[in-house]
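Taking it in order: structure first as structure tokens, then the write-up.
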Amino acid sequence: GRSAGAPARRAGRVKGSGGVAVASIEPVEANDIELVLNDIAQERHIERERGLQKLIKMIPCLSADQVTDVIVPKMLSLIRDGDSWQARCGALFGARELERAMDLIRSKSSCDDASKEAILSAFESELLEQSIRAVGQTELRERQAGAQLLGALASQLGEKAWDACGASLLDSIEASFALDDTQRMEESRAVVEKHAGGMAKTGTQLLHDTEGWRNLETSLSAVRYVIEACGDKVVTREEIGERLLPLALRARLHTNRFVRETSLFVLTALTIGAHQYDLAHGSEQTQLVLLAEKINDSVARGLDDNWSQVRFAACVCVREIMTRLDLEQRSRYYELLLPRLCLNRHYVAEGVRVYSQKSWELIMEDRGRAELQKIASDVVEFYVSQCDADNHAVREAACQSLSELALKVPDESVVVPLLDSMLSALVDCFKDESWPVRDCACTASAQIVYRFGCDDAHGGRAQCEPKLGELHSLWVAHLADNIPSVRANSALALAQVAESFPAEHDPCGTLRAFQEFEKLLPRVLSQPRDSERYGNNKSDLSHDTQYGAAHKLARDSDPALHENQTMYSCGSLAPKLRRGGGCMDHGFSRHTQPWEETDGALRLWGALALRAGAIPGCARLCVEHVPKVLEIASMDTAFAHAPYLTETLWLEMKKVLGASQVEREQVVPLLPQILPPLFAAQKCGHPLAEAAANATVSAIRSKVGFSAWRAATTPAPATSSTISSAGLTGAAAHAPSNAHENN
């Protein structure tokens, strides 16, 4: 037979009301109902959830008699007299699903069957009482179930549900706030006494902001669900304006992040209810405008919150407010809300970022740049303040936002007076302990200097000039950063800036960039080798000689590198990510490794090659430095990160030799020097380095053509006077036997 709760099979098709063909469904067996009701009362969550899913599938198949005679009494018994919170919680969720389907259930009973209607009405009245009681229980999940059931009841009963539960919920919220002011202070006082003196925080600040706060959050959630269901019918009531709204605004400032998040959802529900009331009564957004005036500042603070979930709830509220107001009314809040909404379009949490981007499109349409330009000084002031935020993700988003504003505001004269404060903030972020912040500050500062560094018409040069020396030193220093993406973006920044300045400009011209390249390139030659520790110690005959990937594997498996090290918490980028600036300059990084300096130099070389079309003479200078780079390609690889440096070298070589400004005639004479280390890299044993070498082979072959490539890779005919026991030498000796066939 079929399992308990499985949908009954169809017995045919009959004509329903209105002549529409609907499926005729067999009644559910009594035994199946009993099994499902037992499942939703089980102790294990997964069993209760399975039972609830079976009930959801079963409800359309139930007859009115089965609901009133079997399910209603059993559920009320579980809710009232359940011997565990699990049984009560499961029954509350089951009642929620029944209530959601109540219109369907009532449609199955006869129009003149007053007894069944009386049973269902009494059932809903009892559920109102029991759900209010559940919201006050000690178990969180039972409270959540009661709150959701109240929302389902409000969808059916409308303002009658608010009449029954509103006062109780508001009393519960007020009592929870009173608890904060008494018991929580006592709890925090105990912490202070335990750690006598030296406490950086006081009062409830000592309590973690994810700690539970008794019934406050679930009482607010219950209010939210009820207002979402019938807000338009109760939004103008006295208790809403005089009790609920002040409580919600107070909760928005609460220490606990879940309370702050829920309070914003309450404000969102009130916003939607006010708008629906205005539409129903033709009051031209009177209630919505009044509400928006009261809550806009609190919602704006939510957009700044340190927790992503709270930010998201604030983003939802902002969208509901702004999209429901007309253009003239929403423009009142641009100065307060637009900078925050714009910054959240770059926030690291994907939900916040994507939702904010869509909200921006809905609210601003094609007016975004023009409106930001009008309030540019306020926007920059906010962005600069966020560069000093405690949350490193906020500082990262602020850097991106500053760059976006500088690049996209159409009128340069509006941005130029703000450049000094923008660049000062970015310089501080450039010294941050969080590498994503440094990365964004590097790119943002380069983009601003690129646009305004040589701008004499609007005064951009005068604003940028005092910062160029410090910025250039930071760009160069970060060529040796321990994070590869920071090294790459520092190289791109130097190349981008070199494009906008004359070649002789100091410090930002092309010639100075090549000087930095020449200075850093040979640093790897002083890189300490790991050979004695990892297998190249000739006195230790128990180890084989190890190179390349095998050498790295030996080092990675060394327990000394992984034991007794700093531990990082989930989601953190460092044990403590401090802001930069002042005496903390460059406090973010460990000692620079010589190979990282060479890696940064190679990336700068490749970045300059990519911009060779816009920098006169750059392609020639890049090609002239190929022999120096090839000296690095032939280096000893007995250190752990040699494969990564090899990968970078050949990727950047591909950019240089593959550049459209580099002629075939410049590359062909270099082939005898290039091919031996290139073919050796193809067989180095490190997949990424080998892939980079293969890509370079393809680029060179495309550049020089079939004939030149074949001549360079095909050995000369052997004669008796040239054959020796040493075999082939030069490029042909390293080339694959079918190199010419692979063309």
Practice task
Check the pair Y383 / V379 against side chain to side chain contact (heavy atoms under 4.5 Å, CB included), numbers first and verdict last.
Solution key: CA-CA 6 Å; Y383 289 167; V379 175; 3.3 Å; yes
Exercise for the section: Quick one: pull up CG in L610 and SG in C622 and give me the separation to the nearest 0.5 Å. Expected result: 9.0 Å
Practice task
Output yes when a side-chain donor or acceptor of R523 lies under 3.5 Å from a complementary backbone atom of T598, and no otherwise.
Solution key: no
Handout entry: Residues, nucleotides or ligands: over 12 heavy atoms within 6.0 Å of E381 CD
Key = no
Exercise for the section: Please answer whether the main-chain N or O of G460 pairs with a side-chain N or O of H458 as donor and acceptor at a distance below 3.5 Å. Expected result: no
Problem - Closest non-hydrogen atom pair, C440 against Q400 - result: SG-NE2, 3.6 Å
Practice task
Nearest 0.5 Å please: distance from the CG atom of N344 over to the OG atom of S359.
Solution key: 9.5 Å
Problem - Considering all heavy atoms, the nearest S308-V352 contact - result: O-CG2, 3.5 Å
Handout entry: Donor-acceptor under 3.5 Å (E320 side chain, T268 main chain)
Key = no
Practice task
Verify whether the ring centers belonging to H478 and F430 lie closer than 6.0 Å.
Solution key: yes
Fill in the blank from the handout: d(C317 SG, M322 CE) to nearest 0.5 Å is 11.5 Å
Handout entry: Sole residue of R311, R257, R252 in salt bridge (Lys or Arg N to Asp or Glu O under 4.0 Å) with D305
Key = R252
Handout entry: Backbone N/O of W435 and side chain of D439: donor-acceptor pair under 3.5 Å
Key = no
Handout entry: E335 atom CD, over 12 foreign heavy atoms within 6.0 Å
Key = no
Handout entry: Short side-chain to backbone donor-acceptor contact, D304 and R301, under 3.5 Å
Key = no
Problem - Parallel, tilted or perpendicular: rings of F501 and H505 (30°, 60°) - result: tilted
Practice task
Flag the pair L494 / E516 as yes when at least one side-chain heavy-atom distance between them is below 4.5 Å, and no otherwise.
Solution key: no
Problem - Taking every non-hydrogen atom, the tightest pair across R260 and T255 - result: NH1-O, 2.8 Å
Exercise for the section: Give the minimum heavy-atom separation between D411 and S413, together with the two atoms involved. Expected result: OD1-OG, 2.6 Å
Practice task
State, yes or no, whether a side-chain contact exists between R319 and Y355 at a heavy-atom distance under 4.5 Å.
Solution key: yes
Handout entry: Partner of R487 under side-chain hydrogen bond (donor to acceptor under 3.5 Å, both in side chains), chosen from D599, T648, D481
Key = D599
Practice task
Measure up the F517 and F514 rings against each other and bin them: parallel (under 30°), tilted (30 to 60°), perpendicular (over 60°).
Solution key: perpendicular
Exercise for the section: For residues V626 and L657, determine if any side-chain heavy atom of one lies less than 4.5 Å from a side-chain heavy atom of the other. Expected result: yes
Practice task
Report yes if some heavy atom in the side chain of L474 is under 4.5 Å from a heavy atom in the side chain of K431; otherwise report no.
Solution key: yes
Practice task
Search all heavy atoms of V414 against all heavy atoms of A376 and return the closest pair with its distance.
Solution key: CG1-CB, 3.5 Å
Handout entry: Atom pair CD/CG of E361 and D366 - distance to nearest 0.5 Å
Key = 11.5 Å
Practice task
Report yes if the side chains of K467 and S424 come closer than 4.5 Å at any heavy-atom pair, otherwise no.
Solution key: yes
Exercise for the section: Compare all side-chain heavy atoms of Q496 with those of R611 and state whether any distance is below 4.5 angstrom. Expected result: yes
Fill in the blank from the handout: Interatomic distance, CE@M364 vs CZ@R369, rounded to 0.5 Å, equals 12.5 Å
Problem - Enclosure of R367 CZ (heavy-atom neighbours >12, cutoff 6.0 Å) - result: yes
Handout entry: Side-chain touch V299/Y333, heavy atoms, less than 4.5 angstrom
Key = no
Problem - Nearest-0.5 Å distance, OH of residue Y644 to CZ of residue F639 - result: 12.0 Å
Practice task
Could you pull out the closest heavy-atom pair between P507 and L468, with the gap in Å?
Solution key: CG-O, 4.1 Å
Practice task
Compare all side-chain heavy atoms of W605 with those of H625 and state whether any distance is below 4.5 angstrom.
Solution key: yes
Handout entry: Donor-acceptor under 3.5 Å (S445 side chain, C442 main chain)
Key = yes
Handout entry: Any donor-acceptor pair under 3.5 Å from Q357 side chain to R345 backbone
Key = yes
Handout entry: Distance-only donor-acceptor check, side chains E433 and H392, under 3.5 Å
Key = no
Handout entry: Main-chain N/O of V259 paired to T262 side chain as donor or acceptor, under 3.5 Å
Key = no
Exercise for the section: Could you check H641 against Q593 for side-chain hydrogen bond (donor to acceptor under 3.5 Å, both in side chains), going step by step and ending with a plain yes or no? Expected result: CA-CA 10 Å; H641 294 89; Q593 294 289 315; over 6 Å; no
Exercise for the section: From the options T443, L419, L471, L407, select the one residue that forms a side-chain contact (heavy atoms from CB on, under 4.5 Å) with I448. Expected result: L419
